Asks: 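Here's a structure for you.
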Amino acid sequence: METLGTETAFEVLAKAKALEKQGKSIVHLEIGEPDFDTPKNIKEAAVKAMYAGYTHYTPAAGIPELREAIAEYITNTRKIDVAPDEVVVTPGAKPIIFFSILAYVNPGEEVLYVNPGFPIYESVINFIGAKAVPIPLLEERDFRLDPNFVKENITKKTKMIIINSPENPTGGVLTRDDLKAIADSIAKRDDILVLADEIYSRIIYEGTQESIAQLSGMKEKTIILDGFSKTYAMTGWRLGYGVMRKDFAQKVTQLMINSNSCTSAFTQMAGVEALRGPQGEAEKMVQEFKKRREVIVAGLNGIKGVSCKKPHGAFYVFPNIKKTGMTGRDLQELLLNKAGVATLSGTSFGRFGEGYLRLSFANSVENIKKALARISETLEKQ
Ligand SMILES: Cc1ncc(COP(=O)(O)O)c(C=O)c1O
C-alpha cells in the first residue's frame with residue numbers, strides 16, 4: 001500500500017466540506033465533474049430498465065446491447081471498425097486504467113505517462129512495481145507532449161504509453177501530427193500498447209478529437225478509454241468502458257470477474273439510451289462550458305501574479321502562478337482557508353505541475369466570478 005497514490009481532489013473536497021460545516025462559504029473549483037444534471041431521457045431509461053428486471057448480474061464484459069451500442073459509437077466517432085467483443089464495460093472508466101496496467105505491465109517494466117496528468121496513472125504504475133517514466137507537458141508547447149521526448153525515452157523495457165487528450169488537468173489537445181509521431185516511434189514495437197484516455201473526447205472547443213487508434217497499424221496496439229461520466233454528466237452512475245483487441249478484452253474481462261463481477265445492470269441500459277438517444281443536452285453542456293472558459297481565463301489573466309492559457313478541451317484551466325512566489329500547495333491552502341475557494345495545486349497531477357493550479361470551470365458563471373473576485377482580493381493582500 002506504501003506505493004499506491006491517490007486523487008487529492010477527493011481530499012480537498014473533504015476539507016472544503018468540513019470548512020462549510022463550520023459555516024464558511026466555499027466556492028468549489030476542485031472536483032472534476034459537470035455541475036449539470038444527467039439528461040432526463042437517460043434517467044428515465046434507467047428507471048424503465050429497473051422495472052423491466054435489469055436488477056441482476058449481467059455478463060462480466062457488459063450487456064450485449066450496450067457493447068453493440070459502444071462498438072457502433074466508437075466506429076462512427078473514431079472511424080475505425082470496432083466489434084462488440086472488443087468492448088469491456090466497467091463501473092466508471094477508471095478501472096480501465098487499473099486493469100490495463102495490471103493485465104499488461106510486469107514489475108520492473110516501464111510505462112511512459114503524461115505529467116502533469118490524471119494521478120491514477122502514476123499511482124497504479126508504482127503500485128504494480130513498474131517504473132513510471134513521466135512525459136513532461138510544458139506550457140510553452142501549449143501542454144502538448146513532445147513526441148521526440150517519447151521517442152528518446154522508449155527502451156527495451158517499455159510496455160505502455162499513456163496519453164490523454166483533451167487532457168486533465170491542462171486542457172491540452174494533441175494534434176494528428178503529434179499522434180502520428182508517437183505511432184511512428186513504436187512502429188517496430190508490437191509489444192508496446194498505448195492507453196489512450198479519451199474520456200473528454202466530446203468536450204472540445206477548438207479543433208477536432210483525433211484518436212491514435214485511427215492511424216495505420218495502431219488499432220491493434222491501442223486501448224481506448226472512454227465513458228459516460230463527463231459527456232453525459234453521469235459521474236455518480238459509474239459507467240465507462242475500454243475498447244481494445246479481443247484477446248486483451250478477454251483478460252480485462254477476467255479482471256472484471258475477479259473484482260466487480262459486472263457493472264450495474266440498469267445503468268448499462270441507461271448507457272444505451274445515452275449513446276443512441278438525443279445528443280442535444282450533451283452538446284448544450286459543451287456550449288455552456290465554452291462560455292465559462294472565456295470568463296475564467298479572462299478573470300485569471302487580470303489577477304496579480306497569475307497568467308492563464310486558454311484550454312482547448314475538458315473543463316479545467318491550469319494557470320501559471322509562479323509570479324506569486326508561492327508553491328502550488330501553499331497557494332491551494334491559502335485560497336481554501338482565506339479566500340474560500342477550493343482549487344488544486346498542479347502538483348496533485350505530478351511533479352511537472354509545480355508552479356500551476358488547477359481550477360475546474362464546471363460551476364456557474366456566478367460562482368466563477370465570485371471565486372475570481374475572492375482570489376484577486378486575497379492575492380492583492382499578499
Ligand atoms: C483523465 C481522466 N481519466 C479517467 C477519469 C475517470 O472517469 P470515471 O469517473 O468514468 O471513472 C477521469 C475522471 O476524473 C479523468 O479525468
Side-chain angles (χ1 to χ4, degrees), residues 5-13 28-36 38 42 62 66 70 87-101 111 113-125 135 137 143 145 160-174 194-204 209 211-212 223-243 252 255-256 259-260 263-264 267-268 270-271 274-275 282 289 311-318 344 346 348-350 353 358-362:
T6 188
E7 215 185 322
T8 336
F10 288 103
E11 286 169 17
V12 175
L13 178 67
H28 291 274
L29 303 184
E30 78 280 39
I31 202 89
E33 65 174 345
D35 55 320
F36 305 104
T38 305
I42 300 176
L66 178 59
I70 293 167
V87 175
V88 184
V89 179
T90 46
K94 220 177 201 177
I96 293 296
I97 301 172
F98 197 72
F99 294 160
S100 303
I101 297 172
V111 180
Y113 70 103
V114 283
N115 185 322
F118 193 47
I120 302 308
Y121 310 143
E122 188 179 279
S123 168
V124 179
I125 299 165
I135 308 168
L137 298 185
F143 297 114
L145 56 72
M160 188 177 273
I161 302 172
I162 305 179
I163 57 175
N164 173 213
S165 178
E167 216 245 353
N168 172 13
T170 64
V173 173
L174 295 172
V194 174
L195 173 58
D197 185 339
E198 300 179 2
I199 192 89
Y200 296 100
S201 58
R202 294 274 291 275
I203 305 174
I204 187 156
Q209 159 74 14
S211 178
I212 197 164
I223 301 160
I224 297 176
L225 173 157
D226 205 341
F228 299 79
S229 297
K230 318 285 175 176
T231 306
Y232 301 103
M234 290 174 72
T235 48
W237 294 65
R238 309 313 300 135
L239 189 62
Y241 54 88
V243 175
V252 171
L255 286 168
M256 269 297 286
S259 52
N260 299 286
T263 305
S264 149
T267 67
Q268 290 192 54
L275 292 177
F289 285 139
H312 302 297
F315 38 68
Y316 311 105
V317 276
F318 204 60
L344 291 180
S348 299
F349 302 89
R358 189 195 81 169
L359 285 71
S360 159
F361 51 91

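Numbering of ligands and ligand atoms starts at 1, following listing order. Just so you know, these numbers come straight off a predicted model, no measurement behind them.
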Asks: Determine whether the side chain, the backbone, both or neither of Glu167 has a heavy atom under 4.0 Å from any heavy atom of ligand 1.
Replies: neither

Asks: Backbone N or O of Thr263 within a donor-acceptor pair of the Gln268 side chain at under 3.5 Å?
Replies: yes

Asks: For ligand 1, which atoms have a heavy atom of Gly92 less than 4.0 angstrom away?
Replies: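 Once the distances to Gly92 are compared, the set is 10 (O), 11 (O).
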
Asks: What protein heavy atom is closest to atom 12 (C) of ligand 1, reported as residue, atom name and distance in Å?
Replies: Phe118 CZ, 3.5 Å

Asks: Taking all atoms of both residues into account, what is the closest heavy-atom pair of Ile31 and Ser360, and its distance?
Replies: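 Smallest heavy-atom distance, with atoms named: O-OG, 3.4 Å.
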
Asks: Taking the ring of Tyr200 and the ring of Tyr316, is the distance between their centroids below 6.0 Å?
Replies: yes

Asks: Side-chain contact, heavy-atom cut-off 4.5 Å: Asn168 with Asp197?
Replies: no

Asks: Please name the residue in the list Phe315, Tyr232, Phe289 that meets the ring pair (Phe, Tyr, Trp, His ring centres under 6.0 Å) test with Phe36.
Replies: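 One option only clears the test, and that one is Phe289.
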
Asks: Side chain or backbone of Phe349 under 4.0 Å from ligand 1, or both, or neither, by non-hydrogen atoms?
Replies: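 Contact part for Phe349 vs ligand 1: neither.
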
Asks: Does any N or O atom in Ala93 lie less than 3.5 angstrom from one in ligand 1, N or O only?
Replies: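 Yes.
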
Asks: Side-chain contact test, heavy atoms from C-beta onward, threshold under 4.5 Å: evaluate it for Glu167 versus Leu174 and give yes or no.
Replies: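 SC-SC contact between Glu167 and Leu174 ruled out.
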
Asks: Mark the output for Asn164 as yes if a heavy-atom distance to ligand 1 is under 4.0 Å, and as no if none is.
Replies: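 True for this residue.
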
Asks: Could you check whether any side-chain heavy atom of Phe98 comes within less than 4.5 Å of a side-chain heavy atom of Ser259, counting everything from C-beta outward?
Replies: no

Asks: Counting only heavy atoms, which portion of Glu33 has something under 4.0 Å from ligand 1: side chain, backbone, both, or neither?
Replies: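 Answer for Glu33: neither.
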
Asks: Any N or O of Tyr121 that comes nearer than 3.5 Å to an N or O of ligand 1?
Replies: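 No: no nitrogen or oxygen of Tyr121 is under 3.5 Å from one in ligand 1.
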
Asks: What protein heavy atom is closest to atom 10 (O) of ligand 1, reported as residue, atom name and distance in Å?
Replies: Ser229 OG, 2.7 Å

Asks: Could you tell me whether Lys94 and ligand 1 have an N or O pair separated by under 3.5 Å?
Replies: yes

Asks: So which heavy atom in the protein is nearest atom 11 (O) of ligand 1, and how far is it from that ligand atom?
Replies: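 Closest protein heavy atom to atom 11 (O) of ligand 1: Arg238 NH2, 2.8 Å.
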
Asks: Is there a side-chain contact between Ile162 and Ile125, using heavy atoms and a 4.5 Å cut-off?
Replies: yes

Asks: Do Tyr113 and Phe118 have ring centroids that are under 6.0 Å from one another?
Replies: no

Asks: Taking non-hydrogen atoms only, is Phe228 closer than 4.0 angstrom to ligand 1 via side chain, backbone, both or neither?
Replies: neither

Asks: With a 4.5 Å cut-off on side-chain heavy atoms, are Asp226 and Val243 touching?
Replies: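 Side chain of Val243 against side chain of Asp226, heavy atoms only: no contact under 4.5 Å found.
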
Asks: Identify, for atom 13 (C) of ligand 1, the protein heavy atom at the shortest distance, and state residue, atom and that distance.
Replies: Lys230 NZ, 2.9 Å

Asks: Give the atoms of ligand 1, by number and element, whose distance to some non-hydrogen atom of Asp197 is under 4.0 Å.
Replies: 1 (C), 2 (C), 3 (N), 4 (C)

Asks: For ligand 1, is there an N or O atom under 3.5 Å from any N or O atom of Glu7?
Replies: no

Asks: Can you find an N/O atom of Tyr200 closer than 3.5 Å to an N/O atom of ligand 1?
Replies: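 For ligand 1, there is an N or O atom that lies under 3.5 Å from one belonging to Tyr200.
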
